[in-house]
Q: 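A single structure is presented below for examination.
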Amino acid sequence: MQRMHRAGIVLERLAQRYPRPASALQWQSPWELLVATVLSAQCTDQRVNAVTPGFFHRWPDPESLAQAEQEEVEQAIRSTGFFRNKSKNLLATAQRIVKEHEGQVPDTMSQLLALPGVARKTANIVLSNAFGHNEGIAVDTHVKRLANRLGLTDAKDPNHIEQDLMPLFPQNQWGALNHYLVLFGREVCKARSPLCSQCPLYDICPRYGVPS
DNA sequence: ATCCCGAGGG
DNA sequence: CCCTCTGGAT
């Protein structure tokens with residue numbers, strides 16, 4: 001089966017499984033989505049959701065966070081792990097947004113990548129979900145794993161995987177696509193003991209029924 | 001012990 | 001390509 005055809009089925013079936021890809025859009029602003037995405041690194045969304053209400057009440061926009069002390073940011077996000085890196089980067093990002101983008105989260109790839117702590121995965125999430133720009137596909141550990149299992153790519157480097165995936169999917173609604181892929185990887189095509197018996201893609205998966 | 005919706009640096 | 005950063009859940 002050709003990869004293009006396989007990708008079409010992936011999109012169609014996952015759209016059925018996740019009919020309302022709104023949870024990535026639960027955030028009120030690009031700023032909230034950016035912060036939540038940064039916090040989600042190596043951390044479950046449950047723990048992210050535990051700290052975001054307090055965070056956004058205290059620092060609702062880049063202007064307010066830009067004036068914070070790193071110490072208080074660390075305390076606020078401690079439970080999400082990597083808190084020193086995350087707080088330093090978020091603080092510097094907020095200050096840069098105030099200084100160079102008039103307090104608004106930028107909406108271009110190059111401007112997002114220039115923010116400390118923001119690489120392609122985070123930039124793609126923000127571009128596709130906050131701004132509706134279909135510039136790239138967000139490749140995290142989940143997407144990396146499932147794309148390989150489904151035979152959509154043989155690459156291991158996330159940037160190569162993204163280049164392999166982009167031509168396979170119609171270049172629209174990538175916000176929803178990014179959401180589907182991450183959810184599916186987390187909930188079904190799990191790293192250990194994947195739920196193949198419940199998988200909507202088992203019949204097109206080269207790995208279905210193949211031991212280990 | 002091991003893993004989790006990454007990014008930066010060597 | 002490798003390593004490090006982190007707490008919390010299991």
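Note that the coordinates shown come from a computational prediction; the quantities given were computed from them, not determined experimentally. Numbers restart at 1 for each chain; the letters A, B, ... are given by sequence-line order, proteins then strands.
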Q: Grab the CG-P distance between A:N129 and B:dC5 for me, whole Å please.
A: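 Between P of B:dC5 and CG of A:N129: 17 Å.
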
Q: Which two nucleotides bound the region of DNA chain C that has atoms under 4.0 Å from heavy atoms of chain A, read 5' to 3'?
A: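 Contacts span C:dC5 to C:dG8, reading 5' to 3'.
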
Q: Rounded off to whole Å, could you give me the CD-to-C1' distance for the A:Q42 and B:dT2 pair?
A: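 Roughly 12 Å, once rounded to whole Å.
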
Q: Taking C:dC5 as the reference, what is the distance to B:dC4 when you measure between their C1' atoms (whole Å, please)?
A: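 These two C1' atoms come out 14 Å apart once rounded.
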
Q: Judged by each residue's nearest nucleotide on DNA chain B, which is more toward the 5′ side, A:N89 or A:C43?
A: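 Per heavy-atom nearest nucleotide, the more 5' residue is A:C43.
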
Q: Do the side-chain N and O atoms of A:Q67 and A:E63 include a donor-acceptor pair separated by under 3.5 angstrom?
A: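 On atom types as modelled, these side chains do not qualify, holding no pair under 3.5 Å.
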
Q: I'd like to know if A:R192 reaches the base of B:dC3 with its side chain such that a donor and an acceptor end up less than 3.5 angstrom apart.
A: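 Side chain to base: no pair present.
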
Q: Please identify each residue that fulfils salt bridge (charged side-chain N to carboxylate O under 4.0 Å, His left out) with A:R96, with sequence neighbours left out.
A: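 A:R96 satisfies salt bridge (charged side-chain N to carboxylate O under 4.0 Å, His left out) with A:E100 only.
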
Q: To the nearest angstrom, how far is A:R186 atom CZ from B:dG6 atom P?
A: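 Between P of B:dG6 and CZ of A:R186: 11 Å.
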
Q: Given atom NE2 of A:H142 and atom C1' of B:dC5, what is their separation to the nearest angstrom?
A: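 After rounding, the reported distance stands at 5 Å.
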
Q: Rounded off to whole Å, could you give me the CG-to-P distance for the A:L113 and B:dG6 pair?
A: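 It is 17 Å, rounded to the nearest whole Å.
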
Q: Contact class for A:P116 vs. all strands (heavy atom < 4.0 Å): base, sugar-phosphate, or nothing?
A: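 Sugar-phosphate: the residue A:P116, judged by heavy atoms under 4.0 Å, touches backbone atoms but no base.
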
Q: Round to the nearest Å and state the distance from A:F82 atom CZ to B:dA7 atom P.
A: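 Whole-Å distance recorded here is 12 Å.
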
Q: If we take the C1' atom in both B:dT2 and C:dT6, what is their distance in whole Å?
A: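 Those two atoms are separated by 14 Å.
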
Q: Which pair of heavy atoms, one from A:Y202 and one from A:C196, lies closest together, and at what distance?
A: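 Closest pair (atom of A:Y202, atom of A:C196, distance): CB-O, 4.0 Å.
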
Q: Can you tell me the distance, in whole Å, between the NZ atom of A:K121 and the P atom of B:dC4?
A: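 These atoms are roughly 14 Å apart.
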
Q: For A:E71 and A:Q75, what are the C-alpha separation, side-chain angles and deciding distance, and is it a side-chain hydrogen bond (donor to acceptor under 3.5 Å, both in side chains)?
A: CA-CA 6 Å; A:E71 179 65 27; A:Q75 294 312 314; 3.2 Å; yes

Q: Please report the distance, rounded to the nearest Å, between CG in A:N85 and P in B:dG9.
A: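 It works out to 10 Å between those atoms.
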
Q: How long is the gap from NZ on A:K156 to CD1 on A:I161, to the nearest 0.5 Å?
A: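 The distance works out to 10.0 Å.
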
Q: So what does A:V118 touch, heavy atoms closer than 4.0 Å: a base, only the sugar-phosphate, or nothing?
A: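 Result for A:V118 = sugar-phosphate.
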
Q: For a quick check under 3.5 Å, do A:Q16 and A:E12 share a side-chain donor-acceptor pair by atom type?
A: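 Side-chain D/A pair, A:Q16 to A:E12: absent.
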
Q: Write down the distance separating the P atoms in B:dC5 and C:dT10, rounded off to the nearest Å.
A: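 Going atom to atom, P in each nucleotide, I get 13 Å.
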
Q: Just to be sure I understand the rule, does A:T141 reach a base, reach only the sugar-phosphate, or reach nothing, if contact means heavy atoms closer than 4.0 Å?
A: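 Counting heavy atoms under 4.0 Å across all strands, the contact made by A:T141 is with sugar-phosphate only.
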
Q: Picking from B:dC5, B:dC4, B:dG8, which would you name as closest to the side chain of A:A191?
A: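 Side chain of A:A191 sits closest to B:dC4.
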
Q: Can you tell me how far P in B:dC3 sits from the matching atom in C:dC3, rounded to whole Å?
A: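 Roughly 15 Å separates the two P atoms.
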
Q: How about A:L201 and A:Y208: do any of their side-chain heavy atoms sit closer than 4.5 Å?
A: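 Side-chain contact under 4.5 Å: no.
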
Q: Under 30°, 30 to 60°, or over 60°: which ring-plane class applies to A:W59 and A:F55, parallel, tilted or perpendicular?
A: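 Judged by the thresholds at 30° and 60°, the geometry between A:W59 and A:F55 is perpendicular.
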
Q: At less than 4.0 Å, is any side-chain N or O atom of A:T122 found next to OP1 or OP2 of B:dA7? Yes or no.
A: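 A:T122 to B:dA7 OP1/OP2: side-chain N or O found under 4.0 Å.
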
